[in-house]
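A quick note: this is a predicted structure, and the numbers were derived from the prediction, not measured.
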Amino acid sequence: MFAAERRQLILEMVRANGAVSLRELARVVQTSEVTVRRDVRALEAEGLLDRRHGGAVLPGGFTRESGFPQKSHLATAEKTAIADLAAGLVEEGEAIVVGAGTTTQELARRLARVPGLTVVTNSLLVAQALAHANRVEVVMTGGTLRGSNYALVGSGAEQSLQGLRVSRAFLSGSGLTAERGLSTSNMLSASVDRALVQAAAEVVVLADHTKLGTDTMFQTVPTDLITRLVTDEPPAHDDRAATELQALADQGVQIAVAGASAPGGAGGDPLPAGRQPRRDVPLPGPRRGQVGPGSGPQLRSATVMGDQPPAERARVADLRRR
């Protein structure tokens, strides 16, 4: 295929889907990701699309947000692996909040098997994924339906979260940087996400590598409020994503990296607790506001809860109750 033909096909795919990963583009045009990256760079120079880490999107800068159909086709294998790993953090009988997004929808599908779980959400897609889980209670916020991502937003959603307290919030977004934290392109969505964060003792961000280093218009979670990031392994050539991960770790964010090609990480059943593929980045020291060694029990660690022995998990749960 000639370069002009490749670029025309790439442009048609991006226009049809809103956002497409480099991996998917390379598969469709039957060439390497290196070649596709050159094509995307050339199309960006003509103003026909915007590059993102690991993919390409329709032009629009900070203010444009892709709809659900477009997002659902971007980094699908990576989102599946992230959801597999994140599900291992959730324990039986917990109460959590889960925000809107395609990655959190994947997580919800795996949470259907956790007995005694209570899930508070503003996402119709998350609620739908859990609708037939007979051991999971789903609590939905009020609010106004935002059709582009099937989420409830506005003052009704925010007011319904007042006075709520849960153990963890699982959130996604449009971009993540060490400087600003998690961000999104829509003001109403950002406001509800901030209310979800206020209801949780810990915040877990689910973001694939294409969002690392991307900054969008509205901040939802500043970096110092993010407890843990669950992401996938950036490609070897993506130095910016790797640098961003290190910068987040330097600020005290616990990093768990899932392998999209690992067993159970490409659309199959979630792996049992203790077998999720991961690579944890060790913390350089106590984060802002966290007690140091010897000052009391440390409930945060750089290992996934699902990887701990049952006795250790019981000990941590007992400390939390205290």
Side-chain angles (χ1 to χ4, degrees), residues 53 78-79 81-83 85-90 94 96-104 106-107 120-122 161 164-185 189-234 240-258 278-292 298-306 320:
H53 297 299
E78 290 85 348
K79 291 173 182 177
I82 289 168
L85 180 53
L89 300 173
V90 181
E94 259 193 293
I96 63 174
V97 295
V98 179
T102 53
T103 312
T104 52
E106 288 294 327
L107 170 64
V120 180
T121 185
N122 69 319
L161 292 166
L164 181 72
R165 193 61 173 170
V166 298
S167 58
R168 292 186 184 91
F170 291 86
L171 298 176
S172 188
S174 301
L176 178 65
T177 66
E179 181 180 359
R180 288 187 73 218
L182 190 66
S183 62
T184 187
S185 302
S189 295
S191 187
V192 174
D193 281 355
R194 285 193 286 267
L196 292 172
V197 168
Q198 290 297 317
E202 296 183 355
V203 178
V204 180
V205 170
L206 312 182
D208 63 78
H209 72 271
T210 65
K211 297 177 181 178
L212 297 177
T214 298
D215 197 7
T216 53
M217 194 169 184
F218 298 98
Q219 183 191 57
T220 57
V221 190
T223 306
D224 61 356
L225 292 183
I226 300 174
T227 307
R228 188 189 302 271
L229 166 64
V230 184
T231 187
D232 63 292
E233 187 79 37
R240 184 173 177 181
T243 300
E244 204 70 49
L245 280 178
Q246 186 58 58
L248 287 163
D250 289 343
Q251 294 197 39
V253 177
Q254 300 170 28
I255 312 294
V257 180
R278 64 162 174 76
R279 183 195 67 200
D280 289 320
V281 178
L283 300 184
R287 63 188 302 166
R288 290 188 293 275
Q290 184 177 354
V291 293
Q298 300 298 298
L299 301 187
R300 295 179 181 175
S301 70
T303 57
V304 175
M305 286 293 296
R320 283 180 176 155

Item to check | Check: Gln219 side chain, Arg180 main-chain N or O, donor-acceptor pair, under 3.5 Å | outcome: yes
Next on the checklist: Please check: side-chain N/O of Ser183 versus main-chain N/O of Phe218, any donor-acceptor pairing under 3.5 Å?
Outcome noted: no
Checklist entry - In Å, rounded to the nearest 0.5 Å, how long is the span from CZ of Arg240 to OG1 of Thr177? => result 9.0 Å
Next on the checklist: Are Val197 and Leu171 packed together at the side-chain level, in the sense that at least one heavy-atom pair is separated by less than 4.5 angstrom?
Outcome noted: yes
Checklist entry - Would you say Glu78 and His209 make side-chain contact, with heavy atoms under 4.5 Å? => result yes
Next on the checklist: With heavy-atom distances below 4.5 Å as the criterion, would you say the side chains of Leu85 and Asp232 are in contact?
Outcome noted: no
Item to check | Any Leu196 side-chain heavy atom under 4.5 Å of Asn122 side chain | outcome: yes
Item to check | Short side-chain to backbone donor-acceptor contact, Thr227 and Val204, under 3.5 Å | outcome: no
Checklist entry - Are Lys211 and Ser172 close enough, and set up right, to give a side-chain contact (heavy atoms from CB on, under 4.5 Å), and what steps lead you there? => result CA-CA 10 Å; Lys211 297 177 181 178; Ser172 188; 3.0 Å; yes
Item to check | Polar side-chain atom of Ser174 near backbone of Thr184 as donor-acceptor pair, under 3.5 Å | outcome: no
Checklist entry - Is Arg168 salt-bridged to Glu94, going by a charged N under 4.0 Å from an acidic O? => result yes
Checklist outcome for this item: Rounding to 0.5 Å, atoms CD1 (Ile226) and CG (Asp224) come to a distance of 8.5 Å
Next on the checklist: Does any part of the side chain of Leu248, heavy atoms only, come nearer than 4.5 Å to the side chain of Leu176, both counted from C-beta?
Outcome noted: yes
Checklist outcome for this item: In short, Ala81 meets Ala258 closest at the heavy-atom pair O-CB, 3.5 Å
Checklist entry - Does the side chain of Phe170 reach to within under 4.5 Å of the side chain of Leu89, using non-hydrogen atoms? => result yes
Checklist entry - Distance-only, no hydrogens or angles: does the Arg228 side chain make a donor-acceptor pair with backbone N or O of Val203 under 3.5 Å? => result no
Checklist entry - Is it true that a side-chain atom of Glu244 and a backbone atom of Ala178 form a donor plus acceptor pair closer than 3.5 Å? => result yes
Next on the checklist: Quick check for you: to the nearest 0.5 Å, what is the distance between Leu229 atom CG and Leu245 atom CG?
Outcome noted: 6.5 Å
Checklist entry - Within a strict 4.5 Å, meaning less than it, do heavy atoms of the Val257 and Ile255 side chains meet? => result yes
Next on the checklist: Set out, in order, the CA-CA distance, both residues' side-chain angles and the distance that settles side-chain contact (heavy atoms from CB on, under 4.5 Å) for Val221 and Asp193, then state yes or no.
Outcome noted: CA-CA 8 Å; Val221 190; Asp193 281 355; 5.7 Å; no
Item to check | Qualifying residue, where the test is side-chain contact (heavy atoms from CB on, under 4.5 Å) with Val120 and the options are Leu164, Ile96, Val98 | outcome: Leu164
Next on the checklist: Closer than 3.5 angstrom, by distance alone: can the side chain of Thr220 be matched with the main-chain N or O of Leu182 as a donor-acceptor pair?
Outcome noted: yes
